[in-house]
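Note sheet for the following structure.
Note: hydrogens, waters and symmetry copies are ignored here, and every other heavy atom, side chains too, is used. Just so we're clear, the structure is a prediction, and the values are computed from it rather than from any experiment. Each chain gets a letter, A, B and so on, in the order its sequence line appears, and its residues count up from 1.
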Amino acid sequence: MSVRTRFAPSPTGYLHIGGVRTALFNWLLARHYGGQFVLRIDDTDQERHVEKAVGMILDGFRWMGMDWDEGPEVGGSVGPYYQSQRGEKYKAAADKLVASGHVYRDYSTDVERAAGKKAADEARVAYRFRGTPPTPDEMARFDAEGRPYALRFQVPLGRTVVIHDLIKGDVEQKTDEMGDFVIVRAGGQPLYNFASVVDDADMAITHVVRAEEHLTNTFSQILVFQALEYELPAFAHVPYVAAPGSRKKLSKRDGAVGLDTYMGQGYLPAAMMNYLARIGWSFDATQEIFTRSELIEKFSLERVNSSPASHDPDKLFWIQGEWMKTLPLAEKVDAVIPFLRDAGLVGEEIHLNQKRKIAAVVSALGDRLKTYSDIITLGRYFFTETLTHDPDAVKKRLKKPGVPDLLRKLDLLLATVEPYEIATLETAMHQFAETNAIKMGDVVNPLRVATTGQGVGPGLYDCLEILGRESCRARIAGTLAMLEEARPA
RNA sequence: GGCCCCGUCGUCUAGCCUGGUCUAGGACACAUGCUUUUCACGCAUGCAACACGGGUUCAAAUCCCGUCGGGGUCACCA
């Protein structure tokens, strides 16, 4: 039997990277064994349903390169893949449980249960609902009154349920510690612990790999599996992802936790996949960088950690840098264009000369370009004549005696260099420093700030060439004017 | 609070199952140095951990117990 895994997100909002990691483990497991990865939308709770959420989830998966064999858009033989469309299956399963006496009608009211809960809290014990099936007479009477009822699973007492978890090991729970749980709400809506079991069985899921928060739910689910006489899948509960530098679960409050944030910043899917795989999983003592196919080849649940790991944006950033280094120039150039466009630095149409310039900038930026959005922060001045001077750089490199004079001389130099290109520029600059007995740093640095406005950046000669003679001279003039203006009267 | 899960450098982890090779290894981050016109890259060096307390043993990060800490769950949410 082939391995079938699934990821069943609830479409309540954005795609959390912790969720993406869980999905990744599922996907990796399926691909490793040549099985199928199923995407199912757990949207039983319509109240919490967020319209565009499914689209966001799908986009995130596509971006990551995690393809699903069955699910939304692609369909499959055991659909539908939206829980909201599987009502009949839940109905049939619920009827079966009613017939076999595993569930009973619970006519209790919200008020009654709230009281029971409150009493349990005060007694400092766990709240457990434990009811008795109503008699036919009671049922008739309540129905006549029009009282609604939920379907509750009657937990058999005196047993121990055992989960053979592939990550946590054997985990036990005495049924005496469990309360009877609702499987179908009054109104007919099936609940997670029931719907999930019906679907996992119906979809022939062999490995349920999901977040640790479901570990305790699993005891209830196993009972349902058994009552329905379904074969049990293997379970694997992955620890939660903690916030950076803490052991607390990562939440929206911790900042960038949505996959869309990283997509928007121009992270590479390969880097994200590499990073996510490494949080909570390792192959050996040393390997950090994994390609997608290596991950598929080397992934195993056995090596997933049983303890939580925290999100480490620094490490993500480093891995991203490593992946960026492997990319050919042309690919980076194409990827950077949308960012330039969004920032209004280039127009819709990219002409050949413009593309050459972008390529020159990306090339000059080299390893400094860690994410695609860096093109904006690091390369802005190449695409606009409006120079923004970094105050620190101005203070450090330009607010010195003799600098205006130096810049005027350099301007003259730039005016005469022929041809105007990296090699000649470099020779001219060295000669200039030598004849004037100035250190290279003292000529290069002021000139950098005067032409780019920044204290750091690519090699100066690259910058000068890309900018072009006229632009450089204009910028020097602008900088001179700025210095003049700033001078105290 | 009951029940369940977890606890190695700041962080990701190797080692733990099958005690000795662990004066606990690698990586990120950080610091310093080298390279360099700046930054980035690269190279080198440094910093830094077995939560705590008992026990078992010739020997414990590794096995057992307890404590503390973190997390989950106890919904007619997922």
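- Residue A:V125 is in base contact, counting any heavy-atom pair closer than 4.0 Å across all strands shown.
- For A:T44, a side-chain nitrogen or oxygen approaches OP1 or OP2 of B:rA78 to under 4.0 Å.
- Using a 4.0 Å cut-off between charged nitrogen and carboxylate oxygen, A:E177 and A:K174 do not count as a salt-bridge pair.
- Atom CZ of A:R380 and atom P of B:rC39 are 23 Å apart (whole Å).
- Listed pair A:R303 / B:rU13 fails the phosphate criterion, with no side-chain N or O lying under 4.0 Å from OP1 or OP2.
- Rounding to whole angstrom units, CG of residue A:D312 and P of B:rC30 are separated by 11 Å.
- Between the side chain of A:R368 and the base of B:rC39 there is at least one donor-acceptor pair of N/O atoms closer than 3.5 Å.
- Of the candidate nucleotides B:rG26, B:rC6, B:rG1, B:rC6 has the atom lying nearest to any side-chain atom of A:S307.
- B:rG42 is paired with B:rC34 under the criterion used here, namely a Watson-Crick or G-U wobble arrangement in which both key atom distances are under 3.5 Å.
- Between A:D42 and A:R40, at least one side-chain N (NZ, or NE/NH1/NH2) sits under 4.0 Å from a carboxylate O, which counts as a salt bridge.
- Taking atom P on both nucleotides, B:rC16 is separated from B:rU57 by 24 Å, rounded to a whole Å.
- Across all strands shown, B:rU11 forms a Watson-Crick or G-U wobble pair, both distances under 3.5 Å, with B:rA27.
- Side-chain N/O atoms of A:R152 include one lying less than 4.0 angstrom from OP1 or OP2 on B:rC76.
- One atom, CG of A:D442, and another, P of B:rU38, lie 11 Å apart when rounded to the nearest Å.
- Within 4.0 Å (heavy atoms only), A:F181 reaches no atom of the nucleic acid at all.
- Nucleotide B:rC3 forms a pair with B:rG72, judged by Watson-Crick or G-U wobble geometry with both contacts under 3.5 Å.
- Following rounding to the nearest Å, A:F317 (CZ) and B:rA40 (C1') show an atom-to-atom distance of 10 Å.
- When heavy atoms are screened at a 4.0 angstrom cut-off, A:L191 is found touching the sugar-phosphate backbone but no base atom.
- The aromatic rings of A:H102 and A:F153 sit parallel to each other, their planes meeting at less than 30°, with 60° as the upper class boundary.
- A:A309 comes within 4.0 angstrom of the backbone, heavy atoms only, and of no base.
- Nucleotides B:rA78 and B:rC41, compared at atom P, are 47 Å apart to the nearest Å.
- In this structure, OH of A:Y275 is placed 9 Å from P of B:rU13, rounded to the nearest angstrom.
- Mapping A:D110 and A:D314 onto RNA chain B via the closest heavy atom, the residue that lands nearer the 5' end is A:D314.
- One can place CZ of A:F219 at 13 Å from P of B:rC74, the figure rounded to the nearest angstrom.
- Taking the P atom of each, B:rG71 and B:rU11 are spaced 15 Å apart, rounded to whole Å.
- Note on A:N305: every side-chain N or O is 4.0 Å or more away from OP1 and OP2 of B:rG7.
- Of the side-chain N and O atoms in A:T286, none sit less than 4.0 angstrom from OP1 or OP2 of B:rA27.
- When rounded to the nearest whole Å, the span between CZ of A:F235 and P of B:rG72 equals 21 Å.
- Listed pair A:Q287 / B:rC12 fails the phosphate criterion, with no side-chain N or O lying under 4.0 Å from OP1 or OP2.
- Searching all strands for a Watson-Crick or G-U wobble partner of B:rC16 with both distances below 3.5 Å returns nothing.
- Nucleotides B:rA51 and B:rC58 have their C1' atoms positioned 28 Å apart, rounded to a whole Å.
- Ion pairing between a basic and an acidic side chain is recognised when a charged N comes within 4.0 Å of a carboxylate O; A:K91 and A:D95 show such pairing.
- The number of heavy atoms from other shown groups lying within 6.0 Å of CD (A:E145) is above 12.
- Counting non-hydrogen atoms under 4.0 angstrom, A:Y240 reaches the backbone sugars and phosphates but no base.
- In this structure, B:rA51 and B:rU67 make a Watson-Crick or G-U wobble pair, each of the two defining distances being under 3.5 angstrom.
- Residue whose closest nucleotide on RNA chain B sits further toward the 5' end, between A:Q173 and A:G457: A:Q173.
- Using a 4.0 Å heavy-atom distance criterion, A:G179 is classed as making no nucleic acid contact.
- Among the heavy atoms of the strands lying under 4.0 Å from A:E177 are primed sugar atoms or P, OP1, OP2 only; no base atom is included.
- Between the C1' atom of B:rC28 and the CD atom of A:E322 lies a distance of 11 Å, rounded to the nearest Å.
- Partner of A:H237 under the side-chain hydrogen bond (donor to acceptor under 3.5 Å, both in side chains) criterion, chosen from A:E212, A:R210, A:E213, A:K168: A:R210.
- Side-chain nitrogen and oxygen atoms of A:K315 include none within less than 4.0 Å of the OP1 or OP2 phosphate oxygen of B:rU13.
- The aromatic rings of A:F37 and A:F61 lie parallel to each other, with less than 30° between the two planes, well short of the 60° mark.
- At the heavy-atom level, A:H214 lies under 4.0 Å from base atoms of the strands shown.
- As judged by a 4.0 angstrom heavy-atom cut-off over every strand, A:S108 is placed among the base-contacting residues.
- Residue contacts for A:K439: at a heavy-atom cut-off of 4.0 Å it reaches no nucleic acid atom on any strand shown.
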Q: Start with the C-alpha distance between A:R113 and A:S108, add both sets of side-chain angles, then the distance that settles side-chain hydrogen bond (donor to acceptor under 3.5 Å, both in side chains), and finish with yes or no.
A: CA-CA 7 Å; A:R113 291 193 309 277; A:S108 70; 3.0 Å; yes
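- One cannot find a donor-acceptor pair under 3.5 Å joining the base of B:rA78 and the side-chain atoms of A:N193.
- Contact of A:E212 with B:rG71 (side chain to base): no donor-acceptor pair of N or O atoms is detected under 3.5 Å.
- Contact between the side-chain N/O atoms of A:K370 and the OP1/OP2 oxygens of B:rC41 is found at a separation under 4.0 Å.
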